[in-house]
Number of protein chains: 2
Amino acid sequence: MTTTRGPTRDDATARRLLEAAGPVFAERGYRDATVREICAAAGANIAAVSYYYGDKFGLYRAVLREAHGEVRRRHMSGVPGDAKPEVQLRAWVEGFLRKLLDPERPQWLPRLMMREMVEPTAALDEVIEESIRPQFDQLAGIIGALTGRAKAGRWVREEAVAVAGQCLIFRHCPVVLDRMLGVKMTTAAQIDELADAVSARVLRGLEPERGVRPARPKAGAKAVARGGQKRGGVRS
Amino acid sequence: MTTTRGPTRDDATARRLLEAAGPVFAERGYRDATVREICAAAGANIAAVSYYYGDKFGLYRAVLREAHGEVRRRHMSGVPGDAKPEVQLRAWVEGFLRKLLDPERPQWLPRLMMREMVEPTAALDEVIEESIRPQFDQLAGIIGALTGRAKAGRWVREEAVAVAGQCLIFRHCPVVLDRMLGVKMTTAAQIDELADAVSARVLRGLEPERGVRPARPKAGAKAVARGGQKRGGVRS
DNA sequence: ACGTGTATAAAACACTCGTTTGAATGACGA
DNA sequence: TCGTCATTCAAACGAGTGTTTTATACACGT
């Protein structure tokens with residue numbers, strides 16, 4: 001137990017390891033990150049990882065666990081719960097994009113989560129339940145409020161995926177987008193413009209659904225909501 | 001030279017290596033893929049990689065080069081160039097989604113390109129120019145035709161990014177989406193529905209721009225096109 | 001039949017990785 | 001002062017990596 005003792009400088013190295021490991025894991029990926037590099041960055045000995053976290057993966061999970069709190073705490077706030085749904089959507093998109101792209105925030109955090117999504121490890125479940133799902137449900141709630149549809153329904157969740165996809169692509173393949181757009185999306189002003197464009201586009205995409213359906217008060221709401229006109233394609 | 005000789009069975013192993021390496025690189029990633037596993041899958045000796053391709057990265061680049069032709073050839077066709085822009089968009093989206101998700105096609109190919117986009121290697125440039133940009137430009141052309149804006153302009157390209165983002169997320173983090181939507185997007189019918197949903201959503205998002213701007217014949221078109229109403233957000 | 005050069009094979013090489021070992025350090029209580 | 005125990009450290013271990021080496025098998029022109 002490292003915590004039974006008093007506030008000696010003992011756990012200082014454990015913390016230094018934790019904080020040094022985040023950027024390294026994010027930069028190189030779990031597999032390519034070496035404990036030697038992490039320990040060097042933390043100013044600790046190689047054996048410290050095994051000593052404090054059992055093994056490399058234990059350190060990795062500790063980093064993710066630490067990150068969840070940060071991510072969720074920062075984002076869930078910032079979306080005014082009592083504002084109009086349109087304003088909430090704009091706030092959600094901007095908060096999400098800032099978290100993904102803002103250079104004034106620690107870049108390694110969303111980068112680490114991206115790696116976990118693209119190439120899952122055994123720690124993915126925790127990431128989903130602790131960090132992704134809450135934010136996703138929040139977005140689904142906003143879209144549900146915008147359209148009057150059930151936020152747990154398939155239609156709303158697919159729309160939410162579309163919104164997330166438009167944002168995540170900027171984190172998933174920034175190099176490619178730089179080449180396609182000719183601009184890096186980094187400065188706060190650019191992120192703001194991007195949030196404008198995305199939320200406006202999403203609102204337009206939701207337009208035929210907004211208001212046309214009166215928000216049902218209570219019972220049978222789900223059945224009515226899902227009974228709307230079928231999702232229509234271009235063809236036929 | 002292996003090709004100067006007649007059609008002996010010599011270069012057969014080189015081809016077997018090439019074909020075996022694709023799935024392995026896609027599954028494990030460049031770094032985690034081992035030449036031993038590739039050679040075992042190809043039924044070749046360990047030294048064959050060095051012998052035919054110089055080193056591991058040479059084999060990797062050969063795989064990518066071989067893949068470009070396939071990808072581009074398959075996709076660029078399939079979008080009828082003389083149809084209405086709406087139909088072209090629907091065809092582009094479906095073709096893109098099929099390439100990304102259709103289980104009846106070799107899964108390793110888009111998976112490999114995804115890895116290259118998310119975690120670029122020295123081979124990224126070639127991938128962009130040979131495979132990504134042509135498809136992206138095609139999409140931008142369709143959106144330009146839909147809105148009457150310059151397809152090389154910033155606005156059109158950002159819209160194209162949004163379309164690509166809605167599709168790519170299904171390939172970038174399928175595990176997360178399975179959990180969020182409760183369904184795997186794999187069967188041909190599901191891909192078809194998805195293509196309907198995406199293209200319809202995109203068309204709605206483009207709605208205020210369609211038709212309102214008469215397609216300028218020739219000169220000064222770009223200046224006029226970019227002089228339209230500013231991209232408006234929710235706020236203010 | 002012989003020499004030549006290509007293709008395959010097994011083994012080894014040099015290196016890096018995560019992890020473990022065993023000793024040294026230093027603070028703290030008895 | 002001594003013993004205890006958590007902590008740190010350098011060194012090494014064993015497994016796995018890409019690559020090279022050395023030797024063998026075989027087809028071909030002469």
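Chain letters run A, B, ... following the sequence lines, proteins first, then strands; residues in each count from 1. Note: hydrogens, waters and symmetry copies are ignored here, and every other heavy atom, side chains too, is used.
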Inset, instruction - Answer yes or no: is there a donor N or O on one side and an acceptor on the other, between the side chain of A:Gln190 and the main chain of A:Thr186, under 3.5 Å? - result: yes

Inset, instruction - Considering just the side-chain nitrogens and oxygens of A:Asn45, establish if one lies under 4.0 Å of OP1 or OP2 belonging to D:dA10. - result: yes

Legend entry - Among C:dT8, C:dT19, D:dT8, the nucleotide that comes nearest once only the side chain of B:Tyr52 is considered: C:dT8

Inset, instruction - Establish, from distance only, whether the side-chain atoms of B:Lys151 and B:Gln138 form a donor-acceptor pair under 3.5 Å. - result: no

Legend entry - Proximal nucleotide (of C:dG18, D:dT8, D:dG18) relative to the A:Lys56 side chain: C:dG18

Legend entry - Atom-to-atom span, CG of A:Leu17 to P of C:dG18 - whole angstrom: 13 Å

Legend entry - N/O donor-acceptor pair under 3.5 Å between A:Gln166 side chain and B:Val163 backbone: no

Legend entry - Any donor-acceptor N/O pair, B:Tyr30 side chain to B:Phe57 backbone, under 3.5 Å: yes

Legend entry - Qualifying residues under salt bridge (Lys or Arg N to Asp or Glu O under 4.0 Å), relative to B:Glu129, sequence neighbours excluded: A:Arg179, B:Arg133

Inset, instruction - Go through D:dT7, C:dA10, C:dT20 for me and flag the one nearest to the A:Ser50 side chain. - result: C:dT20

Inset, instruction - Round to a whole Å and report the spacing from CZ of A:Arg16 to P of D:dT7. - result: 13 Å

Under 3.5 Å, side-chain donor or acceptor atoms of residues 35-46 of chain B against the rest of the protein: list the pairs with distances, not counting sequence neighbours.
{"residue": "B:Glu37", "atom": "OE1", "partner": "B:Arg28", "partner atom": "NE", "Å": "3.0"}
{"residue": "B:Glu37", "atom": "OE2", "partner": "B:Arg28", "partner atom": "NH2", "Å": "3.2"}
{"residue": "B:Asn45", "atom": "OD1", "partner": "B:Ala47", "partner atom": "N", "Å": "3.0"}

Inset, instruction - Report yes if a side-chain nitrogen or oxygen of A:Tyr51 is closer than 4.0 Å to either non-bridging phosphate oxygen (OP1 or OP2) of D:dA6; otherwise report no. - result: no

Legend entry - Short side-chain N/O contact from A:Thr13 to OP1 or OP2 of D:dT8, under 4.0 Å: yes

Inset, instruction - Let me know the distance between CD1 of A:Ile46 and P of C:dT16, rounded to the nearest Å. - result: 13 Å

Inset, instruction - To the nearest Å, give me how far apart CG (B:Leu59) and P (D:dG18) are. - result: 11 Å

Legend entry - Within residues 21-38 of chain A: residues closer than 4.0 Å to DNA chain C (heavy atoms): A:Ala33, A:Thr34, A:Val35, A:Arg36

